[in-house]
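Chain letters run A, B, ... following the sequence lines, proteins first, then strands; residues in each count from 1.
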Protein chains: 2
Amino acid sequence: MIPTITAFERSPDGGNGLARDMRVRWALEEVGQPYRARLLSFEAMKQPAHLALHPFGQIPTYEADGLALFESGAIVLHIAERHGGLLPGDAKARARAIAWMFAALDTVEPPIFERAIATVLERDAPWYAQRLQVLDDRIQQRLASLSRRLGRADWLDGPFSAGDLLMVTVLRRLNGSDMLDAYPNLAAYIARGQARPAYRRAFDAQRAAFNAAPKG
Amino acid sequence: MIPTITAFERSPDGGNGLARDMRVRWALEEVGQPYRARLLSFEAMKQPAHLALHPFGQIPTYEADGLALFESGAIVLHIAERHGGLLPGDAKARARAIAWMFAALDTVEPPIFERAIATVLERDAPWYAQRLQVLDDRIQQRLASLSRRLGRADWLDGPFSAGDLLMVTVLRRLNGSDMLDAYPNLAAYIARGQARPAYRRAFDAQRAAFNAAPKG
């Protein structure tokens with residue numbers, strides 16, 4: 001059965017693949033699993049039909065074979081557990097790859113996402129410059145640690161895994177800022193992820209959805 | 001082999017069980033797995049020996065049988081996968097319980113944790129009152145969604161699971177604020193988690209560690 005995911009009808013990022021359906025699309029492409037995307041307006045996301053699928057009224061969701069899931073991290077893990085290619089076979093290496101999934105979402109993403117929110121919600125606030133400095137310092141701490149651990153390796157722990165997939169989607173939000181300038185190995189890591197054919201297919205699919213959306 | 005976890009030698013929360021080792025202690029107590037806690041000073045956490053275990057220089061870590069893990073969510077999942085009692089046996093119910101683990105850490109915790117950071121870092125800033133209002137609004141949104149989904153149930157999806165364990169540890173940070181006043185079912189849910197014998201044992205263990213710490 002072909003899974004159905006949900007995504008924004010008109011992503012606020014302008015089709016740049018920063019919305020969280022991108023992670024799920026990329027994972028599905030890595031394992032060669034076709035899928036359908038059901039696109040939702042912001043209004044539809046707050047309706048009972050969608051809230052039954054996603055208690056917080058967000059995207060993405062995943063439905064297949066009578067199972068309904070929400071949370072991009074959980075969906076990527078579910079896909080990785082059911083198909084080869086995103087988690088190592090060795091039990092210890094598998095547990096470590098899952099640790100990197102949590103590290104991406106719980107340790108690296110929060111300050112990066114807070115910064116993205118601040119640039120929208122607090123741009124005109126008198127404290128904006130100072131707040132940005134606080135957030136940038138927190139992000140730099142994380143980047144320094146991550147860069148030191150990655151070193152000269154291609155991926156975080158052995159072959160490409162779901163941990164790398166999530167980490168690249170998290171770090172991509174810094175593309176175009178100067179925050180990666182001090183960490184050329186992280187910039188190369190992001191580029192390496194984005195160069196994967198499965199990434200390209202996922203990116204093109206979400207961009208096509210954005211381009212086809214009714215103009216607001 | 002008895003696993004070893006790391007925790008703060010002197011937790012900044014004063015032994016109130018808000019540090020992230022509490023989640024791991026609680027999970028180990030739920031499944032009846034004895035463990036050792038290795039306590040670290042803030043200085044020791046930044047040394048190469050600990051950075052080899054935890055790339056971001058934090059606690060907790062988990063070591064057993066030649067496996068070393070970091071990230072509290074990943075450690076709890078690893079424990080839940082190896083022992084009965086924290087994840088349902090049915091595959092679909094298991095995937096949904098894991099979705100609640102990610103929801104706790106990725107959707108509910110970020111605004112709650114940001115608020116905790118702000119109360120320390122921004123308390124004296126001229127914008128503090130306004131910032132707090134923005135953060136409180138974000139938290140209230142999450143609480144309203146969670147309360148609606150929980151309804152009159154004891155736990156989020158069937159029997160107590162690792163998803164509930166993480167969610168309770170996340171929500172506990174709001175104890176003593178007035179933010180739970182509008183959601184008596186969430187206050188009761190937290191109390192239900194805290195009343196579990198395994199929770200009590202875990203709480204007492206981290207409190208004992210705090211009380212035994214050298215006074216700073």
Side-chain angles (χ1 to χ4, degrees), chain A residues 20 51-52 54-58 62 65-78 81-82 91-111 113-114 117-118 121-122 125-128 130-131 134 138 141-142 144-146 148-150 156 163, chain B residues 20 51-52 54-58 62 65-78 81-82 91-111 113-114 117-118 121-122 125-128 130-131 134 138 141-142 144-146 148-150 156 163:
Chain A
R20 287 179 169 87
L51 290 174
H54 197 313
F56 301 97
Q58 299 180 318
Y62 170 98
D65 302 315
L67 171 67
L69 289 180
F70 64 107
E71 288 291 332
S72 57
I75 297 169
V76 169
L77 179 57
H78 179 74
E81 284 182 331
R82 289 168 56 92
K92 285 174 187 158
R94 178 181 176 282
R96 291 197 306 269
I98 292 174
W100 280 112
M101 295 180 67
F102 281 93
L105 302 183
D106 300 340
T107 294
V108 180
E109 182 166 51
F113 193 68
E114 285 303 314
I117 293 180
L121 293 189
E122 300 179 50
W127 61 77
Y128 182 63
Q130 284 165 276
R131 262 280 286 162
V134 171
R138 282 169 63 195
Q141 270 192 357
R142 297 299 188 233
S145 299
L146 189 66
R148 185 177 52 215
R149 172 55 71 104
L150 180 64
L156 287 165
Chain B
R20 287 178 168 89
L51 291 174
H54 197 312
F56 301 97
Q58 300 179 318
Y62 171 99
D65 302 314
L67 170 66
L69 288 180
F70 64 108
E71 288 290 332
S72 57
I75 297 169
V76 170
L77 179 57
H78 179 73
E81 285 181 331
R82 288 168 56 91
K92 286 175 186 157
R94 179 183 176 282
R96 291 197 307 268
I98 293 174
W100 280 111
M101 295 179 68
F102 280 94
L105 302 183
D106 300 339
T107 295
V108 180
E109 182 165 50
F113 194 69
E114 285 303 313
I117 295 179
L121 293 190
E122 300 177 53
W127 61 76
Y128 182 61
Q130 285 165 276
R131 263 280 286 162
V134 170
R138 282 170 63 195
Q141 270 192 359
R142 297 298 188 234
S145 299
L146 189 65
R148 185 176 52 215
R149 172 56 69 104
L150 179 63
L156 288 165

Which bit of A/Arg96 is near chain B, if near means a heavy-atom gap under 4.5 Å: side chain, backbone, both or neither? both

For chain B, which candidate among A/Ala52, A/Ala103, A/Pro110, A/Ser72 shows the most heavy-atom pairs at distances under 4.5 Å? A/Ala103

Over all atoms of both residues, closest heavy-atom pair of B/Ala99 and A/Ala74: CA-CB, 3.5 Å

Okay, B/Leu146 and chain A: the region with an atom under 4.5 Å from a heavy atom over there is both

Can you name the closest pair of heavy atoms from A/Arg148 and B/Pro55 and give their distance? NH2-O, 3.5 Å

With only heavy atoms counted, which part of B/Ala68 is less than 4.5 Å from chain A, the side chain, the backbone, both or neither? backbone

Can you tell which part of B/Gln141 gets under 4.5 Å to a heavy atom of chain A, answering side chain, backbone, both or neither? neither

What pairs with B/Phe70 under ring-ring contact (aromatic ring centres under 6.0 Å, His included), at least two apart in sequence or on another chain? A/Trp100, B/His54

Among B/Val76, B/Leu69, B/Leu77, B/Ile75, find the residue that satisfies the side chain to side chain contact (heavy atoms under 4.5 Å, CB included) test when tested with A/Phe102. B/Leu77

Heavy atoms only, distances under 4.5 angstrom: which of B/Pro126, B/Gly57, B/Gly66, B/Ala144 has the most pairs with chain A? Name it, please. B/Gly66

Determine the option with the most heavy-atom pairs under 4.5 angstrom with chain B, choosing from A/His78, A/Met101, A/Gln58, A/Glu109. A/Gln58

Which atom names give the shortest non-hydrogen contact between B/Val108 and A/Phe56, and what distance separates them? CG2-CZ, 3.7 Å

Could you state the interatomic distance from CG (B/Asp106) to CG (A/Asp106), rounded to the nearest 0.5 Å? 4.5 Å

Give the member of B/Arg94, B/Glu122, B/Arg149 that has the highest number of heavy-atom pairs under 4.5 Å with chain A. B/Arg149

A/Ile117: partners by side-chain contact (heavy atoms from CB on, under 4.5 Å), with sequence neighbours left out: A/Phe113, A/Glu114, A/Leu121, B/Arg138

As an exercise: rank A/Ile98, A/Leu105, A/Asp65 by heavy-atom pairs under 4.5 Å with chain B and give me the winner. A/Leu105

